[in-house]
There are 2 protein chains.
Amino acid sequence: MTLLAEAARRIPLNRDRVLSAAVVLADEVGIESLSMRRLAQELGVVPMALYKHVANKEELLGGMVDTIVGEIGPPVPDAPWKSAVRLRVLSARQVLLRHPWARPVIETRTNVTPAVLGYMDGFAGMFLTGGFSVDLTHHVMHAMGSRMWGFTQEVFDDSAGAGNQHAQVPADARAAMAQQMAENFPHLFKIAAVAAHEDGSVVGNGCDDQYEFEFALDLLLDGFERLHQQNWTSGGGKGK
Amino acid sequence: MTLLAEAARRIPLNRDRVLSAAVVLADEVGIESLSMRRLAQELGVVPMALYKHVANKEELLGGMVDTIVGEIGPPVPDAPWKSAVRLRVLSARQVLLRHPWARPVIETRTNVTPAVLGYMDGFAGMFLTGGFSVDLTHHVMHAMGSRMWGFTQEVFDDSAGAGNQHAQVPADARAAMAQQMAENFPHLFKIAAVAAHEDGSVVGNGCDDQYEFEFALDLLLDGFERLHQQNWTSGGGKGK
DNA sequence: ACCTGAACACCGTTCAAGT
DNA sequence: ACCTGAACACCGTTCAAGT
């Protein structure tokens, strides 16, 4: 690591090198461990050197998002709006899955960069060229929300949750937990039980994230399609 | 403030007092300024005293979420599932609007507490008692995502965005910005223009957050209803 | 003019010394 | 046994002193 840092030291720092190093570091150690100081160390540079290429940490995070937005492929041309949107969302999802830190960062971003605006503009463009009214496109963009980036706000968070502990927890304790669950949260228990059964395994959460994502995505897209065909307008309920 | 802290000093600290003080503090100064040290100071107590009632900051945040989950009213009894869900979401939304810090905290929470599980269980219960299959309820819960808590993941983030700056930016600079926007992000520009027109004002972002939220919510609920009436099942695409 | 070490004003949390 | 001051190992960022 010090050798690599030493070698990297020779070629001069620039914004791109800072940003891609930050992306790699966040991929490796997680966003909570990404600090200016640690990033500088990884680049074989004094912390203050970073501030020549990035105003502060906020701007660093914004630049990191820009970097991975660049990884999302361009929209497929000449496709009907529905499949165009679907493909673009799913390709964004692939990128976001490669960079798990991006979800919380995008969610908390406050200054939208041109690259992000460009992605959103292209997104709106797919609906507009698909014949959607500007009005409907507006609301549809809001309804997409974070799903535009290929992620859902998971409230269960199966990844870090009970699933991982299962391996270590002894069987009898697990049974006790299950009974507690059944007593206190009967509805969730039912759902979990059926999901686990469908999954064919006893351990694990029984949720196929990709399936859940596409379920919700298609539900929305079908809804959009229906409104579009009905020439829906926002009517008088809105504004003053 | 010191007087108040002095007075509060007498009555002994307990978990509830710590948690509600944290909620009030986060409401006032924002979540990014909520530190263990500052919270202790506000309570007229040495920082280490907090650790008697809360294991660490993570647990503090979890407890804060529990506190405001308690502010969400109980589900209305004997209502059809659709309006029951709708009302509960909108009442959760009112609570979350009072505590803006809660959104990012809920989003990044990793250990789900019993109170949160209880809320989710009640939520699932509305669909199940409404006649939904366990299978459909499962996927519907995922599709709800953070909308269960009454918030959407906004990607625009109008609140802190360009809207607030408008007041200070001179008219000619604003016109230049608008032209830049029209050139670089034509689709977004169209949407913003129509929204501003509907809003009846030139400044402002022209987005009625409540309208946007309900638009997406109703789109989902209508989709759920349709699937339910069709006796939808997840079929063979899922699991192995 | 550029670079950078030391310093500032914070964090969350541990731990040993006090009562 | 309980409480707490000092300390530890960090932060992001400012700023003045060095080249």
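Letters A, B, ... mirror the listed sequences (proteins, then strands); counts begin at 1.
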Just how far, in rounded Å, is [atom2] of [N] from [atom1] of [X]?
| X | N | atom1 | atom2 | result |
| --- | --- | --- | --- | --- |
| A:Arg38 | D:dG12 | CZ | P | 12 Å |
| B:His53 | C:dG12 | NE2 | C1' | 18 Å |
| B:Leu39 | C:dT13 | CG | C1' | 15 Å |
| A:Leu13 | C:dT4 | CG | P | 10 Å |
| A:Met36 | C:dC10 | CE | C1' | 16 Å |
| B:Leu50 | C:dG12 | CG | P | 10 Å |
| B:Gln41 | C:dC11 | CD | C1' | 14 Å |

Check every atom of [options] against the side chain of [X] and return the nucleotide holding the closest atom.
| X | options | value |
| --- | --- | --- |
| B:Lys57 | D:dG12, C:dT4, C:dT13 | C:dT13 |
| A:Tyr51 | D:dG5, D:dC11, D:dG12 | D:dG12 |
| B:Lys52 | D:dC3, D:dC11, C:dC11 | D:dC3 |
| B:Arg37 | D:dG5, C:dT13, C:dG5 | C:dT13 |

* Partner nucleotide of C:dC2 by Watson-Crick or wobble geometry (both distances under 3.5 Å) -> D:dG18
* Tell me the partner of D:dC10, counting only Watson-Crick (N1-N3 plus N6-O4 or O6-N4) or G-U wobble (N1-O2 and O6-N3) with both under 3.5 Å; none if nothing fits. => none
* Compute the ring centroids of B:Tyr211 and A:His139, then answer whether they are less than 6.0 Å apart. => yes
* Asked: Between A:Arg103 and B:Glu107, is the closest basic N to carboxylate O distance under 4.0 Å?
  -> no
* **Closest-nucleotide 5' rank along DNA chain D - winner of A:Met48 and A:Ser33** => A:Ser33
* **Contact summary for A:Leu39 and A:Leu25, nearest pair of heavy atoms** => CA-CD2, 3.8 Å
* To do: Write down the atom of A:Ala92, the atom of A:Tyr119, and the distance for their closest heavy-atom approach.
  => CB-OH, 3.4 Å
* **Whole-angstrom distance between D:dG12 and C:dT14, as gauged at atom C1'** => 23 Å
* P gap between C:dA9 and D:dA9, integer Å -> 22 Å
* Asked: Does the ring of A:Phe213 carry A:Arg93 above it, NZ/CZ under 6.0 angstrom from centre and within 45° of its axis?
  -> yes
